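Reviewing the structure listed below.
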Amino acid sequence: MILFDKLAYSSPIRQKSPALKSLFSVGSLVVCVTFREPVVCLLIFLGMMAATLRFACLSPSRYFRLLLGPAVFLALSSVAILFVLSDTPPQLLAIPVFSRYLGISSASFVHWAQLMAVAFSSVSCLYFLILTTPITDLLTVLRRLHCPWLLLELMLLIYRSIFVLLDIADAIQTSQNCRLGNRSFRSKLSCMGQMLSVLLVRSLKRSSLLYDAMESRLYDGQIRVLEETHPACTKEWILCILWLGFCCALSLLLKGGFLI
Amino acid sequence: MNDILMEVRDLSYRYPDQTLALDHVNLTIRRHERLAIMGSNGSGKSTLFLNLNGVYKPTEGQILYEGQPVDYSRKGLLELRRKVGIVFQEPDNQLFCASVAGEISFGLYNLGLEESVIRARVDEVCDRLSITPFRSKPTHFLSGGQKKRVSIADSLVMQPELLILDEPFSALDPTHAQMIDQILRTLSDSGITVVISTHEADRIYPWADRVVVLNNSHILADGTPDEIFSDIPLLTAANLEQPTLLQVSQTLHRAGILPQNCHPRTAQQLEQMLK
């Protein structure tokens with residue numbers, strides 16, 4: 001999580017309009033999910049990969065390692081879709097199980113491939129967004145979209161607190177390690193428990209201190225803060241819309257069977 | 001110079017858990033002065049500050065701002081907190097926003113200012129405290145000294161008449177401490193009354209006009225830095241140290257090298273006087 005955050009802040013297009021980046025990424029994601037067209041999904045995946053590698057500070061090998069996480073998850077959860085149980089032997093792979101067959105039929109394979117294409121392209125879209133846009137900028141976009149302010153304030157405070165609490169947790173863990181904690185499985189469990197309890201107490205204390213600090217700056221129940229705006233130029237908007245339009249058109253053509 | 005800005009009369013503060021943090025404290029803060037409040041940990045400095053800013057309401061006693069008792073209504077508190085800013089000891093307990101500009105602008109939005117005014121004021125304070133170079137970084141990637149400057153900017157941007165800093169030098173390296181020292185000087189020069197709490201006698205000795213010693217919820221002494229720091233029994237009672245420079249000049253007085261009426265406040269002054 002911290003890695004994603006660091007990368008987002010060091011991205012060369014961090015200063016670009018978060019609205020533009022969100023439209024590019026979420027728009028492509030919506031195209032993937034709506035049309036479920038494997039060819040378009042593949043195109044979007046490649047496009048997003050190229051954009052991410054170009055505009056986020058990370059090497060291709062690191063990018064693929066980041067994709068590995070969702071890949072393992074998808075592979076495990078899609079087994080149930082890939083394999084079917086039927087009375088007649090499935091076309092691609094058939095394993096006799098008592099009087100029936102367990103295997104992969106061409107229909108189930110196509111379904112699986114489509115699902116994987118949609119899932120991976122969606123992941124690549126979101127990766128592009130989170131690797132180039134820090135959370136604070138995303139909050140600006142959500143605010144413009146009239147997301148409820150309570151939700152936005154919670155996101156703002158939680159996002160900041162994660163880092164403060166992680167620092168405290170890190171310090172506690174180091175001090176435990178210095179005094180030979182975390183040596184065996186048993187001691188790891190007890191150290192973890194102690195750390196969590198200290199963390200809870202500290203975060204309660206901290207929240208009351210933070211409240212005092214906000215109160216001293218005239219907090220009136222609603223958090224309003226300055227947002228750094230980075231307006232995008234018309235050319236960039238047009239390029240983004242052309243890309244989305246092209247993906248939509250291609251999907252519609254493929255759906256209608258005009259190209260095959 | 002003797003114009004009284006704020007006055008604390010017979011102030012007592014008891015926490016909801018019945019701990020008595022301040023016991024009949026009397027204090028005056030004069031306009032444009034540099035006041036240092038010294039005391040060991042747990043002596044009640046932070047509680048006193050939160051009372052001055054109206055975050056805590058005195059259990060007993062009264063606080064007057066420009067001769068008027070503090071009005072604890074919503075509107076009165078707004079007025080008080082606009083004039084009295086606090087910079088807390090631990091920046092991590094003060095900074096709640098991940099973006100530097102967002103953090104600094106919070107108080108200004110609460111004052112109900114226009115966005116263009118807010119933007120201009122944030123830009124100005126960022127320049128003044130040299131925050132601009134790291135302004136686009138998120139607060140969690142800033143160093144301790146940078147966070148401290150942002151937390152000072154938080155209050156300074158609201159253009160207070162009185163700025164209170166709780167332990168501004170704690171946990172800072174010498175470079176950053178010196179930078180804060182410099183900022184404190186420019187603040188007083190620009191007409192802001194500055195109150196700081198610390199136990200670093202060496203840093204406070206050249207800076208302060210007046211020193212108040214707080215110990216065990218009471219005020220033990222109130223005087224010029226020379227009076228306070230020459231009083232060894234007082235310093236022992238309050239767990240404080242004598243500034244090194246004062247020890248040196250007293251030794252030089254005894255040895256007859258430095259005339260009795262010379263009280264250097266900085267190493268440079270001492271050098272001048274010895275010439």
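A quick note: this is a predicted structure, and the numbers were derived from the prediction, not measured. Lettering follows sequence order; numbering is per chain, from 1.
- In this model, a donor atom of one side chain and an acceptor atom of the other lie less than 3.5 Å apart for A/D5 and B/H140.
- Atom CZ of A/F246 has 12 or fewer heavy atoms from other residues, nucleotides or ligands within 6.0 Å.
- Distance check, rounded to the nearest 0.5 Å: CG of A/L226 to CD1 of B/I118 gives 7.0 Å.
- Residue with the most contacts toward chain A among B/L77, B/V122, B/D154, B/N53: B/D154 (heavy-atom pairs, distance under 4.5 Å).
- Taken from CG in B/L95 to CZ in A/F163, the straight-line distance is 14.0 Å, to the nearest 0.5 Å.
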Q.
Is there a side chain to side chain contact (heavy atoms under 4.5 Å, CB included) between B/F96 and A/L157? Walk through the geometry before answering.
A. CA-CA 6 Å; B/F96 68 88; A/L157 292 174; 3.9 Å; yes
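- Contact record, A/D220 with B/N110: OD1-OD1, 3.8 Å, taken as the closest heavy-atom pair.
- Heavy-atom minimum distance, B/F88 versus A/A213: CE1-CA, 3.4 Å.
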Fill in: Test side chain to side chain contact (heavy atoms under 4.5 Å, CB included) applied to A/L156 and B/C97, step by step
CA-CA 6 Å; A/L156 180 96; B/C97 188; 3.8 Å; yes
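- Residue A/S207 holds its OG atom at 10.0 Å from CG of B/N93, rounded to the nearest 0.5 Å.
- Atom-to-atom distance recorded for A/E227:CD and B/R119:CZ is 8.5 Å, nearest 0.5 angstrom.
- With a 6.0 Å radius and a threshold of 12 heavy atoms from other residues, nucleotides or ligands, B/K147 has its NZ atom above the threshold.
- Shown here is B/E114, whose CD atom has no more than 12 heavy atoms of other residues, nucleotides or ligands within 6.0 Å.
- Atom-to-atom distance recorded for A/S216:OG and B/I86:CD1 is 5.0 Å, nearest 0.5 angstrom.
- Heavy atoms closer than 4.5 Å to chain B are found in both the backbone and the side chain of A/Y219.
- Contacts with chain A were tallied for B/A101, B/P138, B/G85, B/S136; B/P138 has the most, counting heavy-atom pairs under 4.5 Å.
- When heavy atoms are compared at a cutoff of 4.5 Å, B/S151 does not approach chain A at all.
- The contact between B/L78 and chain A is made by backbone and side chain atoms together, counting heavy-atom distances below 4.5 Å.
- Taking a cutoff of 4.0 Å between a charged side-chain nitrogen and a carboxylate oxygen, A/R217 and B/E103 qualify as a salt bridge.
- The closest side-chain heavy-atom distance from A/I223 to B/Y109 is not below 4.5 Å.
- Counting non-hydrogen atoms of other residues, nucleotides and ligands closer than 6.0 Å to OH of B/Y15 gives a total above 12.
- Using a distance-only test at 3.5 Å, with no hydrogens or angles considered, no donor-acceptor pair links the side chain of A/R224 to the main chain of B/L108.
- With chain B as partner, the option from A/Y159, A/Y9, A/Y211 having the largest number of non-hydrogen pairs under 4.5 angstrom is A/Y9.
- A/L218 has its side chain within reach of B/M158: a pair of non-hydrogen atoms, C-beta onward, lies under 4.5 Å apart.
- Side-chain atoms of B/V55 and A/M214, non-hydrogen and from C-beta on, never get closer than 4.5 Å to each other.
- Taken to the nearest 0.5 Å, the CD atom of B/Q94 stands 9.0 Å off from the CG atom of A/L210.
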